[in-house]
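Computed over heavy atoms, backbone and side chain alike; hydrogens, waters and symmetry mates excluded.
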Amino acid sequence: MLNYTITGKGAKLNKIKRILYSKKMFKDRDYDIVVIGAGHAGCEAALASARMGFSACLFTINLDTIGQMSCNPAIGGLAKGHLVREIDALGGEMAKVTDKAGIQFRMLNMSKGPAVWSLRAQADRVLYRIAMRNVIESQKNLDVKQALIDKIVVEDKKVKGILTSLGIFYGARAVIVTTGTFLKGLIHIGLEHFSAGRAGEFPSIGLSDSLRELGFKMGRLKTGTPPRIDAKTIDFSKTEAQYGDDPPIPFSHSTEKITNPQLPCYITYTNQETHKIILDNLDRSPMYSGKIKGIGARYCPSIEDKVVRFAERERHQVFLEPEGLETKEYYANGIPTSLPYDVQVMFVRTIPGLEETEIMRPAYAIEYDFVFPTQLKHSLETKLIDGLFLAGQINGTSGYEEAAAQGIMAGINASLKLRVQEPLVFGRHEAYTGVLIDDLVTKGTSEPYRMFTSRAEYRLLLRHDNADLRLMDKGYEIGLLDYPVYQRFLKKRGSIQEELERLKKTRMKYDDPNKSETLEQLLKRPEITYKFIDEHSPSDKSLSDEIKRQVQIQVKYEGYINQQMQMAERLKKIEGKKIPQNFDYTSVNGLSREVLSKLQEVKPANLGQASRIPGITPAAISLLMVAIERLKREGDKRAS
């Protein structure tokens with residue numbers, strides 16, 4: 001079926017053959033699933049599709065940038081680290097590759113409760129890319145091709161394949177689009193701008209037009225990146241070293257030990273002189289001159305935005321982060337900017353430690369197209385086109401981790417669709433991935449979305465430490481987890497349960513010689529840790545530190561955990577009130593025009609999702625509930 005021309009013409013030909021014939025294009029071959037874009041979302045989507053047994057092809061503009069860390073050389077952080085652990089628990093790759101490439105690991109927020117502990121790792125940018133490419137190219141059922149995709153071919157509202165810029169057609173039963181910042185990407189440095197997907201790479205123009213032609217509502221977003229600094233020109237004596245944890249804690253549940261050398265980061269600060277240079281040159285900023293139309297990230301603003309919005313602040317923190325073990329390039333985290341190069345040089349050299357520094361790569365801002373995510377189902381399949389899935393920054397998110405979480409879910413659900421099975425959709429009480437997707441498809445976004453622990457109502461249930469306990473059963477059930485990995489998990493879960501039971505049954509006298517208490521009761525005391533159990537009544541089995549931490553958390557926070565589980569059960573009841581797919585909202589008396597418009601746009605799957613749509617009132621939910629119950633009764637009568 002390779003390299004043949006579709007011939008013939010007239011009404012007898014179907015739409016795809018007419019396209020190919022009229023433009024003298026070629027058909028290469030068919031795949032079950034095609035993934036467009038080989039960033040973090042695309043890699044996870046392609047791997048999930050192939051590992052679930054389907055023929056898949058990953059298309060990228062440049063094979064050399066598979067798994068490229070486009071912005072900062074780090075994975076994880078607050079709430080983002082939770083997403084990475086969830087990806088790993090499902091059978092994804094990001095955590096494993098991070099462990100192979102990691103050069104500093106730090107568990108954040110350890111002074112607070114376990115609900116907000118989160119792992120962050122600096123990664124060697126080159127090692128990460130090489131490791132991910134190796135996994136992709138070694139994966140059974142997965143092909144990789146370098147091509148610029150211009151069009152998604154659709155027939156009768158159902159995806160049929162893709163067309164490349166060279167006129168090659170690839171058939172597909174499902175297509176997953178993960179284009180990052182490449183859709184009509186436009187880079188800004190000062191008042192100069194040029195088209196690019198990221199620095200040095202072509203943008204995707206035709207694909208953006210294709211999505212619009214299919215009827216998708218699209219917007220424009222903006223993100224930015226800081227300058228990269230030559231370490232030979234940094235005076236580290238004027239900065240504060242920040243070291244990682246020793247020993248480093250891996251991201252993946254299957255990694256036993258981190259073997260890379262570990263490097264410190266360095267902290268310095270901007271000052272009033274820095275801020276004055278920035279303020280004096282705002283007329284040369286594309287943000288403040290009106291050149292940039294896209295909306296930027298609220299939680300990762302440019303340095304000029306920070307200086308203007310927080311004028312009372314005398315300084316802003318700058319993290320100098322190593323790009324890798326074999327390079328002198330450092331990432332200046334904290335000062336992303338789109339100011340001209342000469343202004344970048346001036347203000348960077350006012351920062352302590354950077355007075356003599358040389359910029360290796362200038363900072364820039366990039367604008368790009370995205371699809372408003374309320375046009376998606378919770379499976380990440382589009383409502384408009386059957387078999388078309390979107391994942392990553394195209395849905396309005398920012399960050400590698402948010403993209404990868406969407407990518408694995410899109411790959412899973414495209415595969416389940418081809419199996420003719422129900423999609424895998426996580427509730428807000430089950431996973432941060434569920435919170436992320438529900439926020440996108442229900443509330444939508446008009447600015448780059450970033451995950452925070454505060455977005456989760458049940459964050460004590462969704463801890464970093466229990467991602468495997470929450471999700472590994474699902475990962476194994478759908479076929480993404482190998483049995484040896486799952487077997488180790490079952491052994492760990494069994495050990496946790498055995499130890500919890502032992503603590504409930506074992507009694508000892510502590511501070512009252514006339515009264516004994518169970519080890520569980522003692523461990524609930526704020527001043528007692530599992531170290532006390534080890535010293536006074538240890539288990540006769542060898543337990544890892546990870547198991548001991550898990551047991552301690554479950555015992556100490558049992559009351560709060562049960563409280564949140566009860567709240568989650570109440571949520572499940574309202575989530576169980578399904579709304580028929582073609583429900584006529586105009587038939588519900590009493591809904592305002594605003595509420596009616598929002599319900600018709602989002603088309604919520606159940607009353608729980610409807611209740612989370614911004615502007616939907618409790619009164620409107622009550623009216624909906626009555627109307628759905630009435631419809632159900634009428635259906636039951638007709639059936640009888």
Side-chain angles (χ1 to χ4, degrees), residues 81-82 85-86 88-89 95 99 105-120 244-258 429 453 458-473 485-566 568:
H82 292 68
R85 293 278 281 185
E86 290 179 359
D88 186 67
D99 290 344
F105 291 78
R106 291 181 66 232
M107 186 67 78
L108 308 179
N109 273 350
M110 288 299 286
S111 62
K112 301 179 181 179
V116 293
W117 295 350
S118 201
L119 188 61
R120 184 179 190 272
D245 296 335
D246 186 18
I249 298 172
F251 254 117
S252 175
H253 299 89
S254 60
T255 301
E256 294 183 3
K257 186 178 180 181
I258 301 300
H429 63 290
T453 55
Y458 310 100
R459 63 186 187 182
L460 193 53
L461 302 181
L462 309 182
R463 303 186 309 278
H464 179 278
D465 61 87
N466 71 351
D468 54 344
L469 298 174
R470 290 184 280 117
L471 302 179
M472 270 198 176
D473 285 329
V485 175
Y486 187 60
Q487 196 173 33
R488 286 198 299 273
F489 160 69
L490 292 177
K491 184 178 179 181
K492 172 188 171 182
R493 184 166 64 185
S495 296
I496 292 169
Q497 289 303 318
E498 285 179 13
E499 181 63 0
L500 287 170
E501 288 300 316
R502 186 182 78 87
L503 297 186
K504 287 178 186 292
K505 295 174 181 176
T506 307
R507 306 184 72 89
M508 69 172 288
K509 294 179 180 180
Y510 178 52
D511 51 5
D512 185 346
N514 300 312
K515 179 184 175 184
S516 68
E517 294 179 84
T518 66
L519 296 181
E520 180 190 56
Q521 290 171 324
L522 289 171
L523 191 54
K524 283 182 184 290
R525 295 189 181 195
E527 74 276 12
I528 290 181
T529 66
Y530 198 91
K531 185 179 179 182
F532 173 90
I533 305 295
D534 262 347
E535 291 172 350
H536 294 85
S537 183
S539 170
D540 58 2
K541 296 182 179 179
S542 177
L543 300 178
S544 68
D545 289 341
E546 185 181 10
I547 289 175
K548 293 173 184 177
R549 279 195 300 269
Q550 184 62 227
V551 168
Q552 178 171 301
I553 290 169
Q554 290 195 29
V555 169
K556 284 189 175 296
Y557 292 89
E558 182 184 26
Y560 298 106
I561 290 171
N562 288 339
Q563 189 178 48
Q564 289 207 351
M565 288 177 69
Q566 290 168 10

Is the shortest heavy-atom distance from the side chain of [X] to the side chain of [Y] under 4.5 Å?
X    : Y    : value
H82  : S118 : yes
Q552 : V555 : no
I258 : F105 : yes
L460 : R463 : yes
D511 : R525 : yes
I496 : Q554 : yes
W117 : I553 : yes

Shortest non-hydrogen separation from [X] to [Y] and the atoms involved:
X    : Y    : answer
Y557 : G113 : OH-CA, 4.1 Å
A89  : A467 : CB-O, 3.5 Å
A568 : Y458 : N-CE2, 3.7 Å

Would you call [X] and [Y] a salt bridge, taking side-chain N to carboxylate O under 4.0 Å as the test?
X    : Y    : answer
R470 : E86  : yes
R493 : D473 : yes
K541 : E498 : yes
K509 : E517 : no

Rounded to the nearest 0.5 Å, how far does [atom2] of [Y] lie from [atom1] of [X]?
X    : Y    : atom1 : atom2 : value
L108 : R120 : CG    : CZ    : 7.5 Å
T453 : R459 : OG1   : CZ    : 4.5 Å
L523 : I528 : CG    : CD1   : 7.5 Å
L462 : R85  : CG    : CZ    : 14.0 Å
Q497 : E501 : CD    : CD    : 7.0 Å
D545 : I249 : CG    : CD1   : 9.5 Å

Whether the side chain of D245 engages the backbone of P247 through a donor-acceptor N/O pair (distance < 3.5 Å, no angle test) should be reported.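 No: the side chain of D245 does not pair with the backbone of P247.
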Does either side chain, that of D465 or that of Q550, offer a donor lying less than 3.5 Å from an acceptor on the other one?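 Their side chains do contain a donor-acceptor pair, which is all the 3.5 Å distance test asks for.
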Do D99 and S252 have a side chain donor and acceptor closer than 3.5 Å?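 No, S252 and D99 have no side-chain donor paired with an acceptor closer than 3.5 Å.
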More than 12 heavy atoms from other groups under 6.0 Å of [atom1] on [X]:
X    : atom1 : answer
Q563 : CD    : no
E535 : CD    : yes
M508 : CE    : yes

Residues M472, H253; criterion side-chain contact (heavy atoms from CB on, under 4.5 Å); working and verdict: CA-CA 10 Å; M472 270 198 176; H253 299 89; 3.7 Å; yes
Let's go through T518 and L503 carefully: what are the C-alpha distance in whole Å and the side-chain angles of both, what is the deciding distance for side-chain contact (heavy atoms from CB on, under 4.5 Å) to 0.1 Å, and is it a yes or a no? CA-CA 6 Å; T518 66; L503 297 186; over 6 Å; no
List the steps and the verdict of side-chain contact (heavy atoms from CB on, under 4.5 Å) for L119 and R106. CA-CA 6 Å; L119 188 61; R106 291 181 66 232; 5.8 Å; no
For K492, which residues count as a salt bridge (Lys or Arg N to Asp or Glu O under 4.0 Å) partner, sequence neighbours excluded?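 Counting only residues at least two positions away or on another chain, K492 forms a salt bridge (Lys or Arg N to Asp or Glu O under 4.0 Å) with D468, E546.
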Candidates K505, K556, R502, K504 - the one meeting side chain to side chain donor-acceptor pair (under 3.5 Å) with E520: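 Among the candidates, only K504 passes.
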Check the pair H464, M107 against side-chain contact (heavy atoms from CB on, under 4.5 Å), reporting the backbone distance first and the verdict last. CA-CA 10 Å; H464 179 278; M107 186 67 78; 3.8 Å; yes
Sorted by first residue and then second, give each ring pair (Phe, Tyr, Trp, His ring centres under 6.0 Å) pair with at least one member in residues 491-530; sequence neighbours left out.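 Pairs touching residues 491-530 that pass the test: Y510-F532.
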